[in-house]
There are 2 protein chains.
Amino acid sequence: MSGNLADAVRDGPPGAPGTLAAEARLLSIGAAAAVLGISERALRYYQQLGLVTPCARTPGGMRRYSEEDLERVTRIRELQSLLGLNLDEIAVVLRHEDRVAEIRQSFRDERTGAPERAELLSEALELNENLRATVEAKRAALDKFLADIDARAEKIRAALEALP
Amino acid sequence: MSGNLADAVRDGPPGAPGTLAAEARLLSIGAAAAVLGISERALRYYQQLGLVTPCARTPGGMRRYSEEDLERVTRIRELQSLLGLNLDEIAVVLRHEDRVAEIRQSFRDERTGAPERAELLSEALELNENLRATVEAKRAALDKFLADIDARAEKIRAALEALP
DNA sequence: TCGGTGGTTTACGTTAACGTCAGGTTACGC
DNA sequence: GCGTAACCTGACGTTAACGTAAACCACCGA
(Lines give C-alpha, C1' and ligand atoms only; values in the text may rest on other atoms or scores of the structure.)
Protein backbone atom coordinates (compact mmCIF):
# COMPACT_ATOMS: atom_id res chain seq x y z
CA MET A 1 0.00 0.00 0.00
CA SER A 2 1.57 3.20 -1.13
CA GLY A 3 -1.19 5.71 -0.40
CA ASN A 4 -3.85 5.47 2.28
CA LEU A 5 -7.13 7.27 2.77
CA ALA A 6 -5.70 10.15 4.79
CA ASP A 7 -3.10 10.81 2.10
CA ALA A 8 -5.71 10.71 -0.64
CA VAL A 9 -8.01 13.19 1.05
CA ARG A 10 -5.41 15.63 2.32
CA ASP A 11 -5.32 18.30 -0.35
CA GLY A 12 -2.86 20.98 -1.36
CA PRO A 13 -2.35 24.03 0.86
CA PRO A 14 -5.86 25.26 1.67
CA GLY A 15 -4.57 28.73 2.47
CA ALA A 16 -3.82 29.64 -1.14
CA PRO A 17 -5.21 33.18 -1.22
CA GLY A 18 -8.14 33.72 -3.53
CA THR A 19 -9.58 30.21 -3.23
CA LEU A 20 -12.73 29.66 -1.18
CA ALA A 21 -12.62 27.11 1.62
CA ALA A 22 -15.15 24.93 -0.17
CA GLU A 23 -13.08 24.94 -3.31
CA ALA A 24 -10.04 23.73 -1.43
CA ARG A 25 -11.91 20.67 -0.18
CA LEU A 26 -12.88 19.18 -3.50
CA LEU A 27 -11.87 15.56 -3.77
CA SER A 28 -10.45 13.61 -6.65
CA ILE A 29 -12.38 10.55 -7.75
CA GLY A 30 -9.92 8.29 -5.96
CA ALA A 31 -10.29 10.18 -2.69
CA ALA A 32 -14.06 10.34 -3.03
CA ALA A 33 -14.26 6.61 -3.68
CA ALA A 34 -12.03 5.91 -0.68
CA VAL A 35 -14.10 8.12 1.61
CA LEU A 36 -17.36 6.58 0.42
CA GLY A 37 -16.02 3.06 0.42
CA ILE A 38 -17.07 2.37 -3.15
CA SER A 39 -15.25 1.97 -6.45
CA GLU A 40 -14.27 4.72 -8.85
CA ARG A 41 -16.10 2.80 -11.51
CA ALA A 42 -19.35 3.07 -9.55
CA LEU A 43 -18.94 6.85 -9.34
CA ARG A 44 -18.38 7.12 -13.08
CA TYR A 45 -21.31 4.82 -13.69
CA TYR A 46 -23.63 6.91 -11.54
CA GLN A 47 -22.55 9.96 -13.47
CA GLN A 48 -23.21 8.18 -16.74
CA LEU A 49 -26.77 7.54 -15.59
CA GLY A 50 -27.12 11.18 -14.58
CA LEU A 51 -27.30 10.49 -10.86
CA VAL A 52 -24.29 12.50 -9.71
CA THR A 53 -22.13 14.89 -11.64
CA PRO A 54 -19.01 16.11 -9.88
CA CYS A 55 -19.43 19.83 -9.23
CA ALA A 56 -16.21 20.65 -11.08
CA ARG A 57 -13.35 19.44 -13.22
CA THR A 58 -9.72 20.51 -13.26
CA PRO A 59 -8.56 22.32 -16.41
CA GLY A 60 -7.12 18.98 -17.45
CA GLY A 61 -10.52 17.29 -17.18
CA MET A 62 -10.26 15.48 -13.87
CA ARG A 63 -13.36 15.14 -11.72
CA ARG A 64 -13.65 17.08 -8.47
CA TYR A 65 -16.27 16.04 -5.92
CA SER A 66 -17.73 18.43 -3.36
CA GLU A 67 -19.13 17.48 0.02
CA GLU A 68 -22.59 17.84 -1.48
CA ASP A 69 -21.68 15.43 -4.27
CA LEU A 70 -20.58 12.87 -1.70
CA GLU A 71 -23.83 13.23 0.21
CA ARG A 72 -25.68 12.58 -2.99
CA VAL A 73 -23.78 9.36 -3.52
CA THR A 74 -24.45 8.35 0.07
CA ARG A 75 -28.10 8.95 -0.64
CA ILE A 76 -27.91 6.69 -3.68
CA ARG A 77 -26.42 3.86 -1.67
CA GLU A 78 -29.04 4.32 1.00
CA LEU A 79 -31.86 4.12 -1.50
CA GLN A 80 -30.23 1.03 -2.94
CA SER A 81 -29.63 -0.89 0.26
CA LEU A 82 -32.52 0.28 2.41
CA LEU A 83 -35.33 0.49 -0.09
CA GLY A 84 -33.95 -1.90 -2.68
CA LEU A 85 -34.55 0.57 -5.49
CA ASN A 86 -32.71 0.19 -8.76
CA LEU A 87 -30.75 3.06 -10.25
CA ASP A 88 -33.56 4.12 -12.57
CA GLU A 89 -35.96 4.40 -9.66
CA ILE A 90 -33.31 6.21 -7.68
CA ALA A 91 -32.96 8.69 -10.52
CA VAL A 92 -36.63 9.52 -10.12
CA VAL A 93 -36.32 9.98 -6.38
CA LEU A 94 -33.31 12.24 -6.84
CA ARG A 95 -35.10 14.30 -9.44
CA HIS A 96 -37.92 14.78 -6.97
CA GLU A 97 -35.52 15.83 -4.27
CA ASP A 98 -33.86 18.22 -6.70
CA ARG A 99 -37.25 19.66 -7.45
CA VAL A 100 -37.81 20.21 -3.73
CA ALA A 101 -34.49 22.01 -3.51
CA GLU A 102 -35.54 24.14 -6.46
CA ILE A 103 -38.77 24.94 -4.68
CA ARG A 104 -36.79 25.99 -1.63
CA GLN A 105 -34.90 28.40 -3.86
CA SER A 106 -38.05 29.88 -5.37
CA PHE A 107 -39.33 30.22 -1.87
CA ARG A 108 -36.39 32.34 -0.80
CA ASP A 109 -36.87 34.53 -3.84
CA GLU A 110 -38.44 37.86 -2.87
CA ARG A 111 -40.41 38.06 -6.10
CA THR A 112 -42.44 34.94 -5.39
CA GLY A 113 -46.02 35.86 -4.49
CA ALA A 114 -47.99 34.40 -1.59
CA PRO A 115 -50.38 32.21 -3.61
CA GLU A 116 -47.49 30.83 -5.63
CA ARG A 117 -45.65 30.07 -2.41
CA ALA A 118 -48.55 28.03 -1.13
CA GLU A 119 -48.60 26.14 -4.41
CA LEU A 120 -44.90 25.39 -4.17
CA LEU A 121 -45.17 24.20 -0.61
CA SER A 122 -47.97 21.79 -1.32
CA GLU A 123 -46.03 20.44 -4.27
CA ALA A 124 -43.03 19.86 -2.05
CA LEU A 125 -45.24 18.25 0.55
CA GLU A 126 -46.69 15.87 -1.98
CA LEU A 127 -43.29 14.86 -3.34
CA ASN A 128 -42.15 14.23 0.19
CA GLU A 129 -45.24 12.26 1.08
CA ASN A 130 -44.72 10.14 -2.01
CA LEU A 131 -41.40 8.82 -0.82
CA ARG A 132 -42.70 8.52 2.69
CA ALA A 133 -45.38 6.10 1.58
CA THR A 134 -42.79 3.82 0.00
CA VAL A 135 -40.64 3.86 3.10
CA GLU A 136 -43.55 3.41 5.46
CA ALA A 137 -44.77 0.36 3.54
CA LYS A 138 -41.37 -1.21 3.80
CA ARG A 139 -41.17 -0.41 7.47
CA ALA A 140 -44.52 -1.99 8.17
CA ALA A 141 -43.50 -5.17 6.40
CA LEU A 142 -40.21 -5.24 8.28
CA ASP A 143 -41.97 -4.70 11.59
CA LYS A 144 -44.24 -7.64 10.95
CA PHE A 145 -41.25 -9.73 10.01
CA LEU A 146 -39.52 -8.75 13.23
CA ALA A 147 -42.63 -9.48 15.27
CA ASP A 148 -42.70 -13.00 13.84
CA ILE A 149 -39.11 -13.54 14.81
CA ASP A 150 -39.73 -12.23 18.30
CA ALA A 151 -42.75 -14.47 18.68
CA ARG A 152 -40.58 -17.47 17.85
CA ALA A 153 -37.95 -16.36 20.30
CA GLU A 154 -40.59 -16.04 22.97
CA LYS A 155 -41.82 -19.58 22.39
CA ILE A 156 -38.31 -20.91 22.66
CA ARG A 157 -37.66 -18.94 25.82
CA ALA A 158 -40.90 -20.25 27.31
CA ALA A 159 -39.84 -23.80 26.57
CA LEU A 160 -36.50 -23.09 28.18
CA GLU A 161 -38.14 -21.85 31.36
CA ALA A 162 -40.41 -24.87 31.49
CA LEU A 163 -37.40 -27.16 31.55
CA PRO A 164 -35.24 -26.99 34.65
CA MET B 1 -56.73 -16.57 -21.88
CA SER B 2 -57.71 -20.19 -21.91
CA GLY B 3 -57.12 -21.12 -18.27
CA ASN B 4 -57.25 -18.83 -15.25
CA LEU B 5 -55.98 -19.19 -11.74
CA ALA B 6 -59.10 -20.81 -10.33
CA ASP B 7 -59.02 -23.43 -13.06
CA ALA B 8 -55.37 -24.12 -12.49
CA VAL B 9 -55.72 -24.60 -8.76
CA ARG B 10 -58.96 -26.58 -8.73
CA ASP B 11 -57.81 -30.16 -8.55
CA GLY B 12 -59.45 -33.48 -9.27
CA PRO B 13 -62.15 -34.84 -6.93
CA PRO B 14 -60.69 -34.50 -3.41
CA GLY B 15 -62.97 -37.22 -2.08
CA ALA B 16 -61.18 -40.05 -3.84
CA PRO B 17 -61.15 -42.60 -1.02
CA GLY B 18 -57.74 -43.55 0.25
CA THR B 19 -56.05 -40.22 -0.53
CA LEU B 20 -55.31 -37.86 2.33
CA ALA B 21 -56.72 -34.35 2.18
CA ALA B 22 -53.22 -32.88 2.00
CA GLU B 23 -52.32 -35.11 -0.91
CA ALA B 24 -55.32 -33.93 -2.88
CA ARG B 25 -54.21 -30.30 -2.61
CA LEU B 26 -50.82 -30.59 -4.22
CA LEU B 27 -50.35 -28.04 -6.98
CA SER B 28 -48.71 -28.35 -10.34
CA ILE B 29 -45.88 -25.93 -11.05
CA GLY B 30 -48.19 -23.82 -13.19
CA ALA B 31 -50.79 -23.55 -10.45
CA ALA B 32 -48.14 -22.86 -7.81
CA ALA B 33 -46.59 -20.13 -9.93
CA ALA B 34 -50.01 -18.58 -10.52
CA VAL B 35 -50.87 -18.62 -6.80
CA LEU B 36 -47.51 -17.15 -5.85
CA GLY B 37 -47.48 -14.66 -8.67
CA ILE B 38 -44.04 -15.68 -9.89
CA SER B 39 -42.75 -17.57 -12.92
CA GLU B 40 -42.38 -21.30 -13.28
CA ARG B 41 -38.80 -20.69 -14.20
CA ALA B 42 -38.17 -19.03 -10.85
CA LEU B 43 -39.55 -22.07 -9.04
CA ARG B 44 -37.29 -24.41 -11.02
CA TYR B 45 -34.36 -22.10 -10.41
CA TYR B 46 -34.95 -22.06 -6.66
CA GLN B 47 -35.05 -25.82 -6.73
CA GLN B 48 -31.82 -25.92 -8.68
CA LEU B 49 -30.17 -23.88 -5.94
CA GLY B 50 -31.61 -26.21 -3.32
CA LEU B 51 -33.97 -23.64 -1.84
CA VAL B 52 -37.27 -25.44 -2.41
CA THR B 53 -37.90 -28.95 -3.57
CA PRO B 54 -41.49 -29.83 -4.37
CA CYS B 55 -42.64 -32.41 -1.82
CA ALA B 56 -43.59 -34.88 -4.54
CA ARG B 57 -43.58 -35.76 -8.21
CA THR B 58 -46.16 -37.59 -10.26
CA PRO B 59 -45.11 -41.01 -11.58
CA GLY B 60 -44.44 -39.22 -14.85
CA GLY B 61 -42.03 -36.80 -13.17
CA MET B 62 -44.13 -33.66 -12.84
CA ARG B 63 -43.58 -31.47 -9.79
CA ARG B 64 -46.22 -31.28 -7.06
CA TYR B 65 -46.09 -28.44 -4.56
CA SER B 66 -47.59 -28.65 -1.09
CA GLU B 67 -48.86 -25.73 0.97
CA GLU B 68 -45.64 -25.90 2.95
CA ASP B 69 -43.62 -25.66 -0.25
CA LEU B 70 -45.51 -22.53 -1.21
CA GLU B 71 -44.87 -20.96 2.19
CA ARG B 72 -41.21 -21.63 1.72
CA VAL B 73 -41.23 -19.80 -1.60
CA THR B 74 -43.11 -16.92 -0.01
CA ARG B 75 -40.38 -16.83 2.60
CA ILE B 76 -37.74 -16.65 -0.12
CA ARG B 77 -39.44 -13.69 -1.77
CA GLU B 78 -39.78 -11.98 1.59
CA LEU B 79 -36.11 -12.39 2.35
CA GLN B 80 -35.34 -11.05 -1.11
CA SER B 81 -37.54 -7.99 -1.08
CA LEU B 82 -37.49 -7.06 2.58
CA LEU B 83 -33.93 -7.82 3.55
CA GLY B 84 -32.36 -7.58 0.13
CA LEU B 85 -30.58 -10.89 0.57
CA ASN B 86 -29.34 -12.79 -2.45
CA LEU B 87 -30.28 -16.40 -3.01
CA ASP B 88 -27.06 -17.74 -1.52
CA GLU B 89 -27.65 -15.81 1.68
CA ILE B 90 -31.27 -16.94 1.66
CA ALA B 91 -30.07 -20.53 1.40
CA VAL B 92 -28.18 -20.03 4.64
CA VAL B 93 -31.20 -18.53 6.39
CA LEU B 94 -33.39 -21.38 5.21
CA ARG B 95 -30.87 -23.95 6.38
CA HIS B 96 -30.94 -22.32 9.78
CA GLU B 97 -34.71 -22.38 9.86
CA ASP B 98 -34.66 -26.02 8.82
CA ARG B 99 -32.29 -26.70 11.64
CA VAL B 100 -34.72 -25.05 14.06
CA ALA B 101 -37.51 -27.26 12.72
CA GLU B 102 -35.25 -30.26 13.21
CA ILE B 103 -34.63 -29.14 16.76
CA ARG B 104 -38.35 -28.91 17.31
CA GLN B 105 -38.60 -32.54 16.20
CA SER B 106 -35.86 -33.71 18.52
CA PHE B 107 -37.62 -31.81 21.24
CA ARG B 108 -40.84 -33.72 20.73
CA ASP B 109 -38.91 -36.95 20.82
CA GLU B 110 -39.43 -38.75 24.14
CA ARG B 111 -35.90 -40.12 24.16
CA THR B 112 -34.28 -36.68 24.30
CA GLY B 113 -32.82 -36.05 27.76
CA ALA B 114 -33.25 -32.85 29.74
CA PRO B 115 -29.68 -31.49 29.38
CA GLU B 116 -29.78 -32.18 25.66
CA ARG B 117 -33.08 -30.35 25.42
CA ALA B 118 -31.60 -27.28 27.02
CA GLU B 119 -28.73 -27.45 24.56
CA LEU B 120 -31.10 -27.66 21.61
CA LEU B 121 -33.19 -24.77 22.81
CA SER B 122 -30.26 -22.45 23.24
CA GLU B 123 -29.04 -23.39 19.78
CA ALA B 124 -32.46 -22.54 18.35
CA LEU B 125 -32.47 -19.32 20.29
CA GLU B 126 -29.11 -18.32 18.91
CA LEU B 127 -30.07 -19.09 15.33
CA ASN B 128 -33.19 -17.04 15.80
CA GLU B 129 -31.33 -14.17 17.38
CA ASN B 130 -28.91 -14.20 14.48
CA LEU B 131 -31.59 -13.38 11.96
CA ARG B 132 -33.18 -10.96 14.35
CA ALA B 133 -30.03 -8.88 14.48
CA THR B 134 -30.00 -8.52 10.70
CA VAL B 135 -33.61 -7.49 10.61
CA GLU B 136 -33.30 -5.14 13.55
CA ALA B 137 -30.37 -3.36 11.94
CA LYS B 138 -32.36 -2.82 8.80
CA ARG B 139 -35.32 -1.60 10.76
CA ALA B 140 -33.23 0.91 12.67
CA ALA B 141 -31.83 2.30 9.44
CA LEU B 142 -35.28 2.50 7.93
CA ASP B 143 -36.64 4.24 10.99
CA LYS B 144 -33.96 6.88 10.78
CA PHE B 145 -34.69 7.31 7.11
CA LEU B 146 -38.36 7.76 7.87
CA ALA B 147 -37.62 10.21 10.66
CA ASP B 148 -35.63 12.35 8.21
CA ILE B 149 -38.52 12.38 5.80
CA ASP B 150 -40.95 13.31 8.54
CA ALA B 151 -38.69 16.09 9.71
CA ARG B 152 -38.71 17.57 6.22
CA ALA B 153 -42.47 17.27 6.02
CA GLU B 154 -42.74 19.07 9.33
CA LYS B 155 -40.61 21.94 8.10
CA ILE B 156 -42.72 22.29 5.00
CA ARG B 157 -45.93 22.18 7.00
CA ALA B 158 -44.57 24.83 9.35
CA ALA B 159 -43.79 27.06 6.38
CA LEU B 160 -47.30 26.48 5.10
CA GLU B 161 -48.83 27.56 8.38
CA ALA B 162 -46.68 30.66 8.50
CA LEU B 163 -48.09 31.78 5.17
CA PRO B 164 -51.78 32.65 5.19
C1' DT C 1 11.63 18.79 -16.38
C1' DC C 2 10.57 14.47 -15.73
C1' DG C 3 9.08 10.15 -13.65
C1' DG C 4 5.59 7.98 -11.42
C1' DT C 5 1.04 7.95 -9.56
C1' DG C 6 -3.45 8.73 -10.49
C1' DG C 7 -7.24 9.97 -13.94
C1' DT C 8 -9.69 9.86 -18.61
C1' DT C 9 -12.42 7.49 -22.15
C1' DT C 10 -13.70 3.31 -24.59
C1' DA C 11 -14.80 -1.21 -24.70
C1' DC C 12 -15.31 -5.74 -23.53
C1' DG C 13 -16.06 -9.14 -19.34
C1' DT C 14 -18.80 -10.83 -15.24
C1' DT C 15 -22.48 -12.27 -12.02
C1' DA C 16 -27.07 -12.96 -10.24
C1' DA C 17 -31.64 -14.00 -11.26
C1' DC C 18 -34.09 -15.14 -14.04
C1' DG C 19 -36.44 -15.16 -19.52
C1' DT C 20 -37.01 -17.81 -23.52
C1' DC C 21 -36.79 -21.34 -26.80
C1' DA C 22 -36.35 -26.25 -28.57
C1' DG C 23 -37.49 -30.90 -28.66
C1' DG C 24 -39.55 -34.46 -26.32
C1' DT C 25 -43.03 -36.28 -22.51
C1' DT C 26 -47.16 -36.47 -19.50
C1' DA C 27 -51.77 -35.59 -18.01
C1' DC C 28 -56.46 -35.03 -18.95
C1' DG C 29 -61.04 -34.02 -21.09
C1' DC C 30 -63.85 -36.04 -24.50
C1' DG D 1 -57.57 -43.79 -27.66
C1' DC D 2 -56.45 -39.22 -28.96
C1' DG D 3 -55.54 -34.49 -29.28
C1' DT D 4 -53.76 -30.68 -26.88
C1' DA D 5 -52.40 -28.13 -23.05
C1' DA D 6 -49.23 -28.31 -19.51
C1' DC D 7 -44.73 -29.98 -18.04
C1' DC D 8 -39.94 -31.89 -18.50
C1' DT D 9 -34.85 -31.01 -19.19
C1' DG D 10 -31.16 -28.71 -21.28
C1' DA D 11 -29.19 -24.69 -23.30
C1' DC D 12 -28.61 -20.18 -24.72
C1' DG D 13 -30.20 -15.08 -24.07
C1' DT D 14 -30.91 -10.84 -21.17
C1' DT D 15 -30.45 -7.01 -17.83
C1' DA D 16 -28.57 -4.32 -14.08
C1' DA D 17 -24.61 -2.87 -11.82
C1' DC D 18 -20.70 -2.80 -11.93
C1' DG D 19 -15.24 -5.07 -12.81
C1' DT D 20 -11.30 -4.92 -15.62
C1' DA D 21 -8.05 -3.91 -19.17
C1' DA D 22 -5.94 -0.81 -22.73
C1' DA D 23 -4.12 3.28 -24.44
C1' DC D 24 -3.55 7.83 -23.65
C1' DC D 25 -3.22 12.21 -20.49
C1' DA D 26 -2.79 15.21 -16.09
C1' DC D 27 -0.61 16.42 -11.88
C1' DC D 28 2.95 16.96 -8.53
C1' DG D 29 7.18 16.36 -5.89
C1' DA D 30 12.22 16.00 -6.38
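Proteins come first, then strands; the chains are lettered A, B, ... in the order of their sequence lines, and each starts at number 1.
Picking from C/dA17, C/dG19, C/dT8 the nucleotide with the shortest atom distance to the side chain of A/Met62 gives C/dT8. Of the candidates C/dG7, D/dG19, D/dC18, the closest approach to any side-chain atom of A/Arg44 belongs to C/dG7. Minimum atom distance to the side chain of A/Arg57 is reached by C/dT8, of the listed C/dT8, D/dC8, D/dA17. Ranking D/dA17, C/dC18, D/dC27 by closeness to the A/Leu87 side chain, first place goes to D/dA17.
Rounded to a whole Å, the CG atom of A/Leu43 is 15 Å from the P atom of D/dA17. As rounded to whole Å, 10 Å separates atom P of C/dC18 from atom CG of B/Leu51. Regarding A/Ile90, its CD1 atom lies at a distance of 13 Å from the C1' atom of D/dC18, rounded to whole Å. Between B/Leu36 atom CG and C/dC18 atom C1' there is a gap of 16 Å when expressed in whole angstrom units. At whole-Å resolution of the value, CD in A/Glu40 and C1' in D/dT20 are 12 Å apart. In this structure, B/Tyr45 atom OH and C/dA16 atom P are separated by 7 Å, rounded to whole Å. Summarising the geometry, the separation between CZ on A/Arg41 and C1' on C/dG6 is reported as 18 Å, rounded to the nearest angstrom. For the pair A/Glu89 CD and D/dA17 P, the interatomic distance rounds to 9 Å; values are reported in whole Å.
In this model, the phosphate group of D/dC27 is not approached by any side-chain N or O of A/Arg64 to a distance below 4.0 Å at OP1 or OP2. Residue B/Tyr46 places at least one side-chain N or O closer than 4.0 Å to OP1 or OP2 of C/dC18. Dashed line: the shortest gap from a side-chain N or O of B/Thr58 to OP1 or OP2 of C/dA27 is under 4.0 Å. For the pair B/Arg63 and D/dC8, the criterion of a side-chain N or O lying under 4.0 Å from OP1 or OP2 is met. Regarding contacts with the backbone of C/dG6, every side-chain N or O of A/Ser28 stays at 4.0 angstrom or more from both OP1 and OP2.
Remark: of the listed residues B/Asp69, B/Ile29, B/Thr53, B/Ile29 is the sole one forming a side chain to side chain contact (heavy atoms under 4.5 Å, CB included) with B/Arg63.
Nucleotides of DNA chain C nearest to B/Gly61 and B/Asp88 differ in position, and the one nearer the 5' end is that of B/Asp88. Nucleotides of DNA chain D nearest to A/Leu49 and A/Gly60 differ in position, and the one nearer the 5' end is that of A/Leu49.
Between the side chains of A/Tyr46 and A/Arg41, no donor-acceptor pair is found at a separation under 3.5 Å.
Atom CD of A/Glu119 has 12 or fewer heavy atoms from other residues, nucleotides or ligands within 6.0 Å. Within a 6.0 Å sphere centred on CD of A/Glu123, heavy atoms belonging to other residues, nucleotides or ligands number more than 12.
Among the protein residues, B/Gln80 comes within range of the sugar-phosphate backbone only, with heavy atoms under 4.0 Å from sugar or phosphate atoms but none that close to a base.
With hydrogens and angles disregarded, a donor-acceptor distance shorter than 3.5 Å links the side chain of B/Arg72 to the backbone of B/Leu51.
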